[in-house]
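Chain naming here is simple, since letters A, B, ... match the order of the sequence lines and numbering starts at 1 in each.
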Amino acid sequence: MGYFSDIIHGFKTLLTGMKVTGKYFFNARKEIITQQYPDNRDTLTFPERFRGRVDMPHNENNEHRCTGCQACEIACPNGSIEIIWDRVLNPETGKKKKAIEKHIYHLSMCTMCNLCIVACPTDAIVMTHEFELAAYDRSDLTFVLNKPGSKLMAGVEE
Amino acid sequence: MRTGTLFDPIEQDLHTDEYKINMGPQHPATHGVLRLILTIDGEVIKNVEPDLGYIHRSIEKICERDNYRQIVHLTDRMDYLSSHINNEAVCLLIENALEIEVSDRVKVIRTILDELTRISSHLLWWGVMGMDVGALTTFMYGFREREMINDIFENTCGARLTMNYNVPGGLMWDIYSGFVRDTKAFLKHFKPKLKEYNDLLTDNIIFRKRTEGIGVLSKESAIAYGVTGPTMRGSGVSCDIRKLFPYSAYDRVEFEEIFMQGGDTFDRYLVRMKEMEQSIHIIEQLIDNIPEGETLEKTRAVIKLPKGEFYQRVETARGELGVYVISDGKKSPYRMKFRSPGFSNLSVINEIAVGHKIGDFVAIISTLDLVIPDIDR
Ligand code: SF4
Ligand code: SF4
């Protein structure tokens, strides 16, 4: 190619590229994917399966579904879950049964792998849609998932 | 002592010394925390020495402690841009060792997600490649399309990068109800964009001048160094695991293995651009007829592999990922080794970068498409 045709060709390729950017410059609203976080905090939507952090839902009577079987503790790859359990006497049947005292969850170690949720036989724990999980103190990252005074929902076992 | 006049030709007597500079660990152009010790003479590179270990997390050692189900999610943290494919490699190995046959549905879904992962990885690479040679716009464009794929991932499994969607025996859940619709919408949106990318960067004269003839990797050294993936195919050597050792649903789709002959930076660039087209082609063949079937085969609560050695290879977006397990019949492997594509691809850097200028060097490492946690496990 000659000297001048080289220059003309070069300019042409630059202009082709600028045509693309120009198109978006004038249609800037068309393909916006960014969000105005945190202004849109109230309207944020999450996919159903979003992995925020592990939590244990309780019903209105302060009952949960955790039997203390420790399947989640075993499934967790990094020891984020600790179950402290005891055998308590069931007044109705008169038998001693396993029940959780504390379901401790260390968010600081959790990798959000979801293995504990899948492992739980009674669907006692779920992933919440919380995502603003930063804290100033490391101790704020340890949660006791069962609420104080909560007990096992009737009919979960068996 | 030397005397001279003002008009002495000083170049004759002035010799320059070689000196060493560090590129990285915290350098934006190394895409992570890779430390490269460059020996340079003026601007010309004389020697490149990668210094690894900055983000070593001893994943292979942790694997010896964890059980087989837990190992899968660790591979997310290796090549985080191909996390689904990494997961699949471990799952395939376990399934083959235990002789579990997963259903066609699982195979097809895995393949579709593999290709979406490949597109998303190549999109990120494309954006960053442009940025490395000074075209910031591409970064925004690449990430814009990538966002749609990430949304599909997020809906499918709840995570955008570290997916952990594959489990030994199948998938963690079935796909979500809008999966087919969203994937089709993405393909429709994405196809015209590829042309835009070519207008924007591929044909750009400055980009061409900066990449053509730079960092030529010959066929022989590509084979000698064990380079794989698009980097190898840019030098014209066939190495696509999807073709050579088909896994999942790759034996039932047709696609082309892309080759270029030159082996320079621009050829490696073109291979990846064309691979995205092929990925679209693969997804199109599968998306309309995802067969019905189980998404999770029954496995024992504690998976124990039989005694022996097992190897499984898959094609990630960067090349061949090999998973090697020695099992002594217990619930965790006796030894686990990952043959990661990034490590072998990095090893060739001294061969192709010597003699080039520092500015070109950035373009060269960019088309090697390195993901540092993959190199440094
Ligand atoms: S999500 Fe994974 S890492 Fe986190 S607590 Fe559950 S099993 Fe452990
Ligand atoms: S949360 Fe589920 S898996 Fe964990 S101890 Fe309770 S019932 Fe068992």
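Proximity to chain A (any heavy atom under 4.5 Å) is restricted, for B:Arg77, to the side chain, taken from C-beta onward. With a threshold of 4.5 angstrom between heavy atoms, B:Thr162 approaches chain A through N, CA, C or O but not through any side-chain atom. Neither the backbone nor the side chain of A:Ala119 comes within less than 4.5 Å of any heavy atom of chain B. Interface remark: B:Lys195 contributes no atoms to any contact with chain A (heavy atom separation under 4.5 Å). Only the side chain of B:Asp66 comes within less than 4.5 Å of a heavy atom of chain A; its backbone N, CA, C and O stay farther away. Residue contact with chain A, scored on non-hydrogen atoms closer than 4.5 Å, involves the backbone of B:Arg69 exclusively. For chain B, the nearby parts of A:Val20 are the backbone and the side chain; heavy atoms of each come within less than 4.5 Å. Using a 4.5 Å cut-off between heavy atoms, A:Tyr24 touches chain B through its side chain atoms alone. Of the two parts of A:Lys23, only the side chain, counted from C-beta on, holds a non-hydrogen atom closer than 4.5 Å to a non-hydrogen atom of chain B. Looking at B:Glu196, both its backbone and its side chain come within 4.5 Å of chain A, counting heavy atoms on both sides.
A cation-pi arrangement, defined by a distance under 6.0 Å to the six-membered ring centre and an angle within 45 degrees of its axis, is present between A:Arg53 and A:Phe143.
Ion pairing between a basic and an acidic side chain is recognised when a charged N comes within 4.0 Å of a carboxylate O; B:Arg57 and B:Asp376 show no such pairing.
Ranked by non-hydrogen atom pairs under 4.5 Å with chain A, the options B:Glu154, B:Glu147, B:Arg144 are led by B:Arg144.
Aromatic ring centres of B:Phe153 and B:Tyr165: separated by at least 6.0 Å.
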Stepwise side chain to side chain contact (heavy atoms under 4.5 Å, CB included) check, B:Met273 with B:His122: CA-CA 8 Å; B:Met273 294 309 274; B:His122 283 357; over 6 Å; no
Pair B:Trp126-B:Phe143, ring-ring contact (aromatic ring centres under 6.0 Å, His included): steps then yes or no: CA-CA 9 Å; B:Trp126 179 78; B:Phe143 269 61; over 10 Å; no
Residues A:Met112, A:Phe50; criterion side chain to side chain contact (heavy atoms under 4.5 Å, CB included); working and verdict: CA-CA 10 Å; A:Met112 317 295 172; A:Phe50 183 83; over 6 Å; no
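A:Phe26 CZ: 12 or fewer foreign heavy atoms inside a 6.0 Å radius.
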